[in-house]
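Written out below as structure tokens is the structure these notes cover.
Scope of the values below: all heavy atoms of this structure, side chains included, with no hydrogens, waters or symmetry mates. The chains referred to below are lettered A, B, ... by the order of the sequence lines, with proteins before strands, and numbering in each begins at 1. These numbers come from a predicted model, not from an experiment.
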Amino acid sequence: MSTRLAQGGRLIDRSKPKNFTFNGKRMKGYEGDTLAAALLGENQMLVGRSFKYHRPRGIVASGAEEPNALVNMGQGGRFEPNQRVTTTELFDGLTCTSQNHWPSLEFDVGVVNNYAARFLPAGFYYKTFMAPAAAWKHVFEPIVRQSAGLGKVPTEADVDRYEHFYYHTDVVVIGGGVAGLAAALAAGRSGAKVLVMEQTHHWGGRAPVDGGEIDGQSVEDWIAATLAELEGMENVTLRTRMMGSGVYDHGYVLGYERVADHTPGDGRPRHRLWRIRTKQIVTATGAIERPLSFAGNDIPGVMLASAVRDYVVNWGVSIGDRTVVVTNNDDAYRTALALKEAGLEVPVILDARDEATGPLAEAARDAGIRVEPGRAIAKVNGGKRVTGVSICLQAGEGAALEEIPCDAVAMSGGWSPVVHLWSHCGGKLIWDEAQAHFRPDPDRAPTGHDGEAFVVTAGAASGAMSLADTLENAYEAGKTAAKAAGGKAVRKAGPKAEAEEAQPMAPVWIMPQGAGPQKRMKMWLDYQNDVKVSDVQLAAREGYESVEHTKRYTTLGMATDQGKLSNINGLAVLSDALGQPIPATGTTTFRPPYTPISFGAIAGEARHEIFQPIRRTPMHQWHEEAGAYMEPVGHWRRPYCYAKPGETNEQAVHREVLNTRERLGLLDASTLGKLIVKGPDAGKFMDMMYTNMMSTLAVGKCRYGLMCTENGFLSDDGVVARIDEDTWLCHTTSGGADRIHAWMEEWLQTEWWDWKVYVANVTEQFAQVAVVGPNARKLLEKLGGMNVSKETLPFMQWADGKIGDFDARVYRISFSGELSYEIAVPASQGRAFWDTLLEAGEELGVMPYGTECLHIMRAEKGFIMIGDETDGTVIPQDLGLNWAISKKKEDFLGKRAQLRSHMTDPARWKLVGLETLDGSVLPDGAYAVGEGDNVHGQRNMIGRVTSTYYSPTLKKGIAMGLIKHGPDRMGEVVDFPTVDGSNTVIKARICDPVFYDKDGEKQNV
Amino acid sequence: MLILECPYCGVMADETDLHGGGEAHLKRFGPGSSDDDFETYLFHRKNPKGVHFERWRHVSGCGKWFHAARNTMTLEVYGTYSAQTTEPPKAIVNAVKKKHPEWEGWT
Amino acid sequence: MSNAVSALQGASFDGYCKVEEAGLTGMITLRGELASAGVAKAVKAVTGAAMPGQGQITEGAKGRAGWMSPDELLLIVDHADAPAVVQAASTSLAGEHALVVNVSDARAVFRVKGAACREVIAKLAPADTSVMQPGMLRRTRIAQIPAAFYLEDDETAVLVCFRSVAQYAFDLLKDAAKPGGEVFG
Amino acid sequence: MRRYSAFAIAREAARYHQGWERAWASPKPKKKYDVVIVGAGGHGLATAFYLGKNFGITNVAIIEKGWLGGGNTGRNTTIIRSNYLQDPSAAIYEKARSLYETMSQDLNYNVMFSPRGVMMLAQTEHEVRGYERTAHANALQGVKTEFISPQRVKELVPIMNINGPRYPVLGALWQARAGTARHDAVAWGYARACSDMGMDIIQKCEVTGVRQSGGKVTGIDTTQGQIDCDKLAMVVAGNAGHLAEMAGFRLPMESVALQALVSEPIKPCIDVVVMANTVHGYMSQSDKGELVIGGGTDGFNNYTQRGSFHHIEETVRALVETFPIISRLKMLRQWGGIVDVTGDRSPIIGKTPLGNCFINCGWGTGGFKSIPGSGWAMAETVAKGEPGSLAAEFGLNRFTEGRFIDESVAAGVAH
């Protein structure tokens, strides 16, 4: 059983116990524990079930590479599935439950898959479940989905907050082990600005567990001294609980800071995502130990040798009383020695190498440990917990030589540098035969914006596996990075350790070497996804030869640990099956993040009210208080209508239309774009931007204008006012101001840069109100100020002056067909102006109206709306707007495009009015059909509805639409099939799109 | 996540402060041009695997358009320069040539 | 005019930095040939400030002048003076190609006060705030909107954005300055 | 080819699965083929498959510079739908969708087509009108879609917040017979079937030149030597521009990065595919339990298969806002593909300026869902030397004539 030892544990504080629960069971650990250590301290080895076969799963590792030990953590708004216990700090009150089983962890029905495992090899689902055709969706898929999936689904919204932080620096050091600290020391001494991040909450990494001396001090003392020196450097920033999550192009690094995971509810943001720009990156990310592939290597109690050592040394936790060590390298001997020193039994060290020599093997023998070279594990015995191992010759086929009872197995298959961050942005790897691992190729580093390398690896991440080599490599890496980032040369010597003698490791990919198919079906490569040696071999046999094919076919390395333990072993097995060297097989692509990061952190502050900006006009608050139903228009919110109590939105809209037509309406038109175009060449420029001739517009006058893209399509419209000899003011649509402003700047800066024109966007400088209806003039005259009579300010003119006390610019323009003034006042006075108009207008029957009323009134008048009559495929000619296209101009944007054959095709759909024979309202988006089908067997369509409304003014449905040969078919009736399931066809007559006041008399009074 | 030096502001601007505008140095064809020329102007793009001359706007900075010579395979930036030119300046061309002697030129 | 109000009417928030809307501020966009003597003269006349160089903001007796782009300045004056300043500058530049417009009401202005003012902005803006010193102006974005900022002194950052998104900007700054969110210290 | 079935699995289990044969052969290239297809992604393999199946042309090589199915076929978010607006798009995507329905049986390879339904959320009044328009068009095009109410949206996706403070859900365009499939299996299934017909799939073979004589293509140079052919089909997505340049013409196309990501797996919580175009994000849940998430493209030419992180942020925040329960879930992996985007964002299928050389590219973000329809149409074009009705409107000449097929009309982004 695993247990807390009476002594030891360099990271825990036994005076500070922490209570937690696992599956409802009350447990205790200490401050400094990871959840994994605390669970093991309470003899909770079994923590979950595997993905496919639902096999019992125990803790295998002590860090980010853990594939098995994922739990549901927390409750309610802090519930989180798939929390890795090896990277979770213990805190008081933590609650967690195990995953992927039913009804319980101990008795899981899903384990039937395990008994059928033989019938469920890699890719079995591609070969079956095909008949009958509907069975996949209705029978098999639901079963697969329910049985997969690991963690439980959260049910409540997150109660925590998250934030981002931009940081700019010269050097980022990722990893706070001795390599990271040595690199930071070098970089810090250069004077460069350095950020050092460590994913755990303690510095020094695994070196203190391994022991040794640096510069004559113990590793632990050196770490303390180095931290003190770094903390004293103003140019160095140290952060713990921050993981280097990803390296992106041009020196962009994501740092995932888990600010308050261990102190939930303390008011701090839970996570902070650092978005770092740096000149250089040092990845001191260490190495990960590989498992060995032997039959039963997934039984709880089989653990990485380094992890066994970590638990004893760091947390005073023993994994078992009797631990068999199995290895192909020297390092695992340290585990045996550490266990021995803690008073635990190590019945045997099985060393797959032919001989076990060197100081560590000697030390083990001196400590009285039996060392068996050339031996392997034939099979692990046990179900939910190891009970013993059968041992055999590594060189043989697995005949058992001896049974050894034990309750834990510590395995070591060698070490692989953590190359993820190096590789994220294109760093290449080379195969190191001696260490049997891929390590970064320093000659093929990721390159940055200047084409130079921007990532350097340090220590074990470079493949430097001894303390001495690590320090030397890391200090050098720090110097290199600092120099490349513009730091001063560093002369001070780096830290040193004594070189140690070591026996070379031997690559051992399966154990024993000659294991047959039965054994290979019990050798796990990927513990979480249940991928075995036999699966990879099957993939190779079936032709899934590329490493990516094998990965995808078997799901090797696709689990939540992304293959940190399994990838190299899998590659080796695949290479062996293909009879090619490992480098010829290559690796799969390393993609961010290094370990999973929360969606909350990625979203950052962009939640709820600040999910996206809302643009507000100066009258916005009034609209909200008036209970307006607001609709998004770009980032603006505009009142759709102002429903009164008891009124539907539709009723409100109709009331607003009638009131405006009969009395007086007010529209907040502030969102309309307003661009000033000024300069000696402004007229010439305006003539290029608009299809109309704008250069001839007289000062004081207004003209409706159209803008097209270079591709000929209508993109925006609005009224242009000539302000003075060299100044124009262009109104754009509400959504168009920024777009059209950018469009104008683009042409001025990149095509006609010698033209003397300046543009300024003054949209938000003004609050603009449309005062509309027969009583409009009465209202303005009541307020006093400027003369707004028909004579002084006729239709399509503008004037500056005063309305009441307000400085105003008044445009006599109309989008409703009524007598209408659009009045611009400074935005700071917009609300006061609005209030004034409402108050003074009360006796004249004033009512505010919204966008839907605006739309109906313009449709009654046959005015087009950008976004309704246009959709990016419509040219002005389609809309009968030829009158607004100058024929005198040689050129304007879109002119050439409109000459192409399809644009001049007489069969293009053209704008007409539509009225149903029964007065009903045509559905939005309805299409008109002609005779028969097209080549695709689709009904022939001859047109469509672009705008359709009930006209309260005319008391019937009115619509506009684009119809093939439409203007030539006035009076004809066309069919619009419905899609409401009624299978009916609505008949509508083609008519003039101007339904109301055809001669425009009302607006011109 | 690119950073480009805005030649007007002199700052290294984050990609999120910028807006990409596609291939640079296109020649505009207007009324009177052939269908082929017009199509080429509007649609045909070099889309090279390698050195690309392209337009960027420092949209939340100075608002100005500028040009960049950038490699689409490595994302290396050889330099940025004013948008008020019909061809890349010599210094930029030389910077590219220095890195890629085999490069065939910008046209 | 007495009934003029700023977007948030001086709203403020006390976090680990204080965030406050600065109220009505006069702002003028001046576009022109910045190297011309006429522009320098006009700027001096209306603000008392010297011509700012690239990335700079200068201060004079009557206001500030910020470099916005190679052909654009932002003049900051008293709100009430803005129309007159526009008039004066326009008149002064009548002889050359220039555009002077009042944008006072198109903007909202915030002050972030406290030792960590750079840090608060760094949660929202991709620009390097650590290198910012009084006298420098940076145009960038905060979260999803464009913004410009400069330092009045080492512990007071002034941030300018469009008026329509004033509430959004204020909410962002509040969120960034919320106690518990301190990054350093 | 020995058929796959539950019986075959039982048979093989008895001998520890030692008897499975190769899914596809790994031959050396012959000197000459009737048709050489460049690109062994879904589209290239499907083209080959229908050349064989519909036209009996089997002297075919499919040349692949990497590994088959290793481009966008293996990098997408596996959505299959046909609720397109324009006639030619609706026709080819619906053809594809209907072929997906029987693909597992046609190929004897379970591609796990799951017609679980795709909904496209309408979150502005404008979007409501746009999707109502699509629903009308689809009805006439024979594509079964409907515009559904917010309440129905909530029933289908209980984890969705339909009353978000920013963009409440006003309804959705719903295609019940749309869904997802296992992307790799599509490539593998086609490859196995093509190989079985005697076609040569040649992996790790990069094209270095296009040979021509008298204005007609005669063959290609590759890293495995010269290969002659009567007809050449270029089906290489983002690399089409590069290949076209070798053949001496340019395309109205640019290559940009498109990104996707998955969460850690959780138990089933969303049974349909949800696309939210106003806020730029879409999400479904794979059979493994991962939330599969995609968003928009980068704004610059890029061949690195790496995108910019701010697009991931934009997508994730949109989905956290739409599905608040995912906030504490974690992103497991992000990746990028290179998509080929044309001037009107619709694909190109048809002849090229070079005789007997045909092109299929420009699928942009719509590649996976179109694979069988695209292969069907391309095979017809190659076999007959002229595009058939499915492909006719997707020719290169539309850019000269201004006769675009623009789907952005209906939605901001289309995936």
Side-chain angles (χ1 to χ4, degrees), chain B residues 1-26 28 52-72 74-93 95 106, chain C residues 27 29-35 52-57 65-74 97 99 101 103 106-108 118 121-133 135-150 159-162 164-165 168-169 172:
Chain B
M1 287 298 281
L2 309 181
I3 33 172
L4 297 172
E5 183 173 4
C6 172
Y8 302 107
C9 296
V11 299
M12 293 301 284
D14 189 271
E15 185 183 318
T16 57
D17 271 342
L18 301 167
H19 172 77
E23 188 176 323
H25 306 304
L26 296 175
R28 179 172 186 261
H52 190 231
F53 293 87
E54 59 194 15
R55 311 183 319 145
W56 287 89
R57 183 175 184 228
H58 193 188
V59 66
S60 51
C62 63
K64 296 300 181 197
W65 284 91
F66 62 90
H67 289 165
R70 184 183 59 89
N71 192 306
T72 61
T74 64
L75 308 191
E76 177 175 356
V77 180
Y78 306 99
T80 56
Y81 54 98
S82 159
Q84 279 97 58
T85 171
T86 53
E87 57 184 74
K90 275 235 159 49
I92 299 284
V93 169
W106 74 276
Chain C
M27 290 204 174
T29 289
L30 188 160
R31 294 195 64 179
E33 175 58 62
L34 299 194
Q54 182 195 59
Q56 293 178 347
I57 183 163
W67 187 94
M68 297 291 274
S69 89
D71 60 8
E72 181 177 339
L73 299 177
L74 180 67
H97 172 42
L99 171 64
V101 283
V103 292
R107 304 275 191 269
R118 289 180 181 86
I121 293 174
K123 291 182 182 181
L124 303 166
D128 188 355
T129 59
S130 69
V131 299
M132 290 294 290
Q133 298 298 331
M136 296 166 72
L137 173 78
R138 180 71 192 257
R139 295 180 76 178
T140 177
R141 64 179 173 88
I142 56 168
Q144 301 170 53
I145 54 168
F149 71 99
Y150 62 92
L159 189 136
V160 182
C161 67
F162 284 109
S164 65
V165 289
Y168 173 75
L172 285 175

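Here the closest heavy-atom approach between residue B:Tyr8 and residue C:Trp67 is recorded as O-CH2, 3.3 Å.
Separating the CZ atom in C:Arg141 from the CG atom in B:Asp17 is a distance of 6.0 Å, to the nearest 0.5 Å.
Scanning residues 59-67 of chain B against chain C with a 4.5 Å heavy-atom cutoff picks out B:Ser60, B:Gly61, B:Cys62, B:Lys64, ordered by number.
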